[in-house]
Structure formats: C-alpha cells, structure tokens
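Heads up, the thing below is written out as structure tokens.
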There are 2 protein chains.
Amino acid sequence: MQQSLSPFDIGRIRGLEPARERAGGEQVSPCGACSVRHLTFCAPLGEEELNHVSRIVQNIELHPGDPLFDEGEDATHLYSVTAGAMKVYKLLPDGRRQIIGFLFAGDFLGLADDEAYAYSAEAITHSALCRFPRRKLEALLERYPRMERRLLGMASHELAAAQEQMLLLGRKTAKEKIASFLLSLGRRAEQRGQTANPVSVPMSRNDIGDFLGLTTETVSRTFTQLRQAKLIALMPAGRVDLLDVEALQDIAEGN
Amino acid sequence: MQQSLSPFDIGRIRGLEPARERAGGEQVSPCGACSVRHLTFCAPLGEEELNHVSRIVQNIELHPGDPLFDEGEDATHLYSVTAGAMKVYKLLPDGRRQIIGFLFAGDFLGLADDEAYAYSAEAITHSALCRFPRRKLEALLERYPRMERRLLGMASHELAAAQEQMLLLGRKTAKEKIASFLLSLGRRAEQRGQTANPVSVPMSRNDIGDFLGLTTETVSRTFTQLRQAKLIALMPAGRVDLLDVEALQDIAEGN
DNA sequence: CGACGAATTGAAACATCTCAAAACTCGTGG
DNA sequence: CCACGAGTTTTGAGATGTTTCAATTCGTCG
C-alpha cells in the first residue's frame, strides 16, 4: 500500500499548519483557523468556545500505515480527522478483518460506549488529526450542549451509514457492492468540497474487499467487469472515473 | 409467524398498564411507574423531568406483524419499546431485505439524521411502545442535557453493535453467524433481567436469515447442525437451550 | 533500470443459494 | 378431543457466485 499523498491532501495538511503551531502563549485560537471546522463536531462553536477547545486539543500527523490505536486499548482520547484518509477495522482471532469504515476530513473516531476502543484505527494516506483527551472533552460537552447535540447528530448520521452498510454486506452482490462503494466515496468527497467524479480511491483492493465483505480477487475482477462494461475507467493515482453514474446507481440499488 | 405472547411479555405489558392510562387530570406521572425505565433513555430523569415526559408521551400497542412506520416516511416521532419484540429493516427495490436490528424493552427507534426514517419497523410479538413527537422531545432534550447525554450513550452503544454486526455479515460463516446470534440474544435478555439460557427466539427463521445475511434454508440447516452437535436444543415456544455456551462462544469468535 | 508489493487473471473448490417437496406447528372448528 | 388447513420449518438435490490457490502483469520507488 503506502499510498503517496494526493495533491488535495497536501493542500489540506498545509492549510492546517497554522493550527498545528501551538505556541504556549496567548495567541488567537488555532481552531479559529481550522479549514475543515464546518465538517467537524466543532462546527457549531463560537469564538470563545473554540478557545476552550484549542486549549485541550493536540495535533497529530500520521503516515501511511501508521496505527492510531488498537481495538481493546483504553479509550483515553477522541480524534477528529482534519486531512487524509483513515481506516477503522475489527479483527477475528484467525486474522479475518472487517473494515468498519473509511474516515476523511471532518469525521471523528474513538467514540466508545465502553472504556475500550471497539476497533483499531490506522492511516491510509498521510493524515492529520486533532486529539482530545476524553475526560476533558466530556467536561467541555457538559459546558457546551451545542457541541453534544452536534455529536449526537454526527453519531446518528454514522448509525444510518452503518445500517446502509449492513444492507450492502448482507444482501448485495459483488457488483452492487462495488458500485455502491464508488458512489458513496464520490458523495462523501463532494460533501468535503472535493471532486465527486473522477473519485479518489486511496485504499488498496484488499482494504476495499475487507470493507465490502469480498476478497481482493473478487474486487479486482469486479472492477474489470465494470471497466469492460464502460461504466468506469481506472485512472492513475488511484482515481476512478465514473463514466455512467446513472447506470452505476441502478446497479447499486439492485436494478 | 404471528408468534403468540410469551408469558414474560404478558407480564411486561400488564406491568405497564398504569402508565398507559393517562387520564387528562393531574395524576402522578405515569412514567414514574414505568417498569423498564432503567433500560430506556428516561433512566437518568428525576421526578419533575419525568412529569414533563409524561405530558408528551403516548402509549402504543402493536400486534404481531403490525407495521409501526416505513422507510422514507416523515420521521415525526421517536419510540421507546417497553415490551415485546420489534424488527427494523431496509428493503432493496427487488424485495431483498436486510433486518438492521431486533428491538426489545428499553430500545429506542426512530432516530433519523434526516427528516425521514431510514428503515421500516414492524412488531414481531405483541408489543408496547412509548411514542414521542420529535419536536417536543427535542425541546425536552434541550432542557434536560442529561437526557441528551443518555441518548448519545445509547446511540454509541448501538453504533458499536452495528459495527459488530458488520463484522458478522462481512466475515463470518453461517455457523459462526448463528452461534453469535444466539449468544447475543442471550446477553440482551440477561440485560433486561430475563433468562439468558433457554433463550427466547421470537422471530421466524426467515427473519433470522434476513438479519444474518442468510437464507431461511441455511438458517434451518445450521440450527440442525448445531443441534446434532449437541450444542443447542430446540424447545417449544421458540426457545433455544444453549447446551454448551463455551463451545458456542468459540464458534462465534471463529475458533 | 531493477525489484518488490499490489493488482490482475485463470482454474478448480466450496459454501451458500435456489428450487422443490415433505414434515411439522398451531390455531380453528367440527 | 381430534382432524383440518395454512403457514413455517426442515430436508434434499442441483446450480452458482465467490473464494481459494496459483501464476502473471503492472506500477511505483529506490
């Protein structure tokens, strides 16, 4: 794997650098300069609240393949992705892996109803994250219900996505899974203000398989099928051109 | 299907009757008498708060097979199950169905990050629910952050369950799926204070299949396999005796 | 340019599905 | 109390989509 940084990601990470430079002094809230704040759970916060957030946040940078935390570890922190792409997954004792989700700028991770993380997290591309001590963040949530409300909204959204994924895993064919996956990646890129059509697919075939409940080989064969049917085109740097979105949507819905 | 009411459920529903009789007058909060409150999102509420809840809640009773709402409908209400068993599911246009979850006393449903329900809900057994107008409940959440916090906790819990189900759907074999399912039903029954071992399985083979991403036939065959291996015994009234929990756990984890 | 991991392609194996029929359950009515 | 009937569950046999195992090609990076 070890995907290199896409042009977009470099831009994102550069954009965040002011926020990462937290001189101890009384400078303006670095969170105020956060270019992806509107996507995160910090979206509803005002000037003063952001200052409080700034004081407890720490900025993390990860390289492709770097682990963030492992399933079962003590869930001491919550994270918000500000740039790049992450994967979160669960393992069975014999090594079978299910990727629970891919995370991009704006997504958070580390919410655990237990004391321990319920999944492992690892960087796919060069990524940047904000790291919040759980206890301190909880104290903040107590003070700023708007933030808690936002978090509930994001959790609801994630829940809906998880349910959609259950439908995919339990009832869709390989072709339907791949079509759904590509469209979903496109939709999410769009939400982040990126280009939805030649969609960026930064993860490996193996990761895609472990996300869709397929093997690497089946993923590859299905891409080939879609390519031969002129529904997609594989471009350099892990980009996929969706040549016939309508047809892909029909396939994704099972028609 | 049309499962008849189990002795337990009758008890539950009877236990709730005081709460269902909402004379318009100034009587004591019917929610104060709720026998499953500790399981619901009303758990953290005090005397006064419960009174407010009582004023906006309505009690619903459903018979086996009764629909509660359909995917895509305007999400005007939230519900909390107080007795019985429900199923929530999503459909593909051609009729393929994925059951997203089975709900029992204490579980809530209807949380939508959109204006519309993301799934359909239907009663499996004779069931009772509390029905809350979304707008009014949201106003209450604003006033009682404790309730919102509890809801976030329950949503996190659901999210973790959904992720576990993704692992099951994407990576487990039929035998592992069935073993996981039975153990999970048992654990949940236990949490509600019911018997975990001869576990109650009120749903049809078809429902189980649509929950686990299998066909009815495969579910049936797998039950037979487990029965022949002396790991379970099928008892009357949809109960399953887990004869060797350890072995079932090993199977469920993929060992 | 050379090399190593990732992706693709091929052929055979297999778990689950599909189609079909028999057996069972349980409520109902004679 | 027993027999009937409709729906559900179980069992069987054959079909199939996906996996497994193996080999080749591609792409990227040193």
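In what follows, chains are A, B, ... by sequence order, proteins preceding strands, each numbered from 1.
- At the phosphate of D:dT9, neither OP1 nor OP2 sits under 4.0 Å from any side-chain N or O atom of B:Ser220.
- Across all strands shown, A:Ile208 has no heavy atoms under 4.0 Å from either base or sugar-phosphate atoms.
- Residues A:Arg188 and A:Asp107 are paired through a salt bridge, judged by an N-O separation under 4.0 Å between the basic side chain and the carboxylate.
- Judged by the 6.0 Å and 45° rule, B:Arg192 forms a cation-pi pair with B:Phe104.
- Residue A:Gly209 is classed as having no contact, given no heavy-atom separation below 4.0 Å to the nucleic acid.
- Looking at every heavy atom in both residues, B:Leu39 comes nearest to B:Ala105 through CD1-O, 3.7 Å.
- Relative to the side chain of B:Leu214, the nucleotides C:dT16, D:dT18, D:dT9 differ in distance, and C:dT16 lies closest.
- The side chain of B:Thr224 sits closest to D:dT11 out of D:dT18, D:dT11, C:dA7.
- Between A:Asn206 atom CG and D:dT20 atom C1' the separation is 14 Å, expressed in whole Å.
- Whole-Å rounding puts the B:Lys172 NZ to C:dT16 P distance at 14 Å.
- In this structure, the ring of B:Phe102 has its center less than 6.0 angstrom from the ring center of B:Phe211.
- For the pair B:Arg97 and B:Asp207, the salt-bridge criterion is met [side-chain N within less than 4.0 Å of a carboxylate O].
- Checked against a 6.0 Å centroid threshold, the rings of A:Tyr119 and A:Tyr89 do not count as neighbours.
- Considering only side-chain atoms of A:Arg227, the nucleotide from C:dT9, C:dA7, C:dT16 that sits closest is C:dT9.
- Checking D:dT19, D:dT11, D:dT18 against the side-chain heavy atoms of A:Thr215 singles out D:dT19 as nearest.
- Taking the six-membered ring for Trp and thresholds of 30 and 60 degrees, A:His63 and A:His126 have nearly parallel ring planes, at less than 30 degrees apart.
- A residue-by-residue look at A:Arg171 and A:Thr216 shows that A:Thr216 has its nearest nucleotide of DNA chain C further toward the 5' end.
- Under 4.0 angstrom from either OP1 or OP2 of C:dT16 there lies no side-chain N or O belonging to B:Thr218.
- Listed nucleotides: C:dC17, D:dT20, D:dT10. Nearest to the side chain of B:Arg205: D:dT10.
- Distance, B:Asp94 CG to C:dC17 P: 15 Å, rounded to whole Å.
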(request) Report, as a single string ordered 5' to 3', how protein heavy atoms within less than 4.0 Å touch nucleotides 19-25 of chain C: B base, S sugar-phosphate only, - not at all. (result) B------

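- Distance CG (B:Leu212) to C1' (C:dT16): 14 Å, rounded to an integer number of Å.
- Look at CG on B:Leu169: it is 15 Å from P on D:dT18, rounded to the nearest Å.
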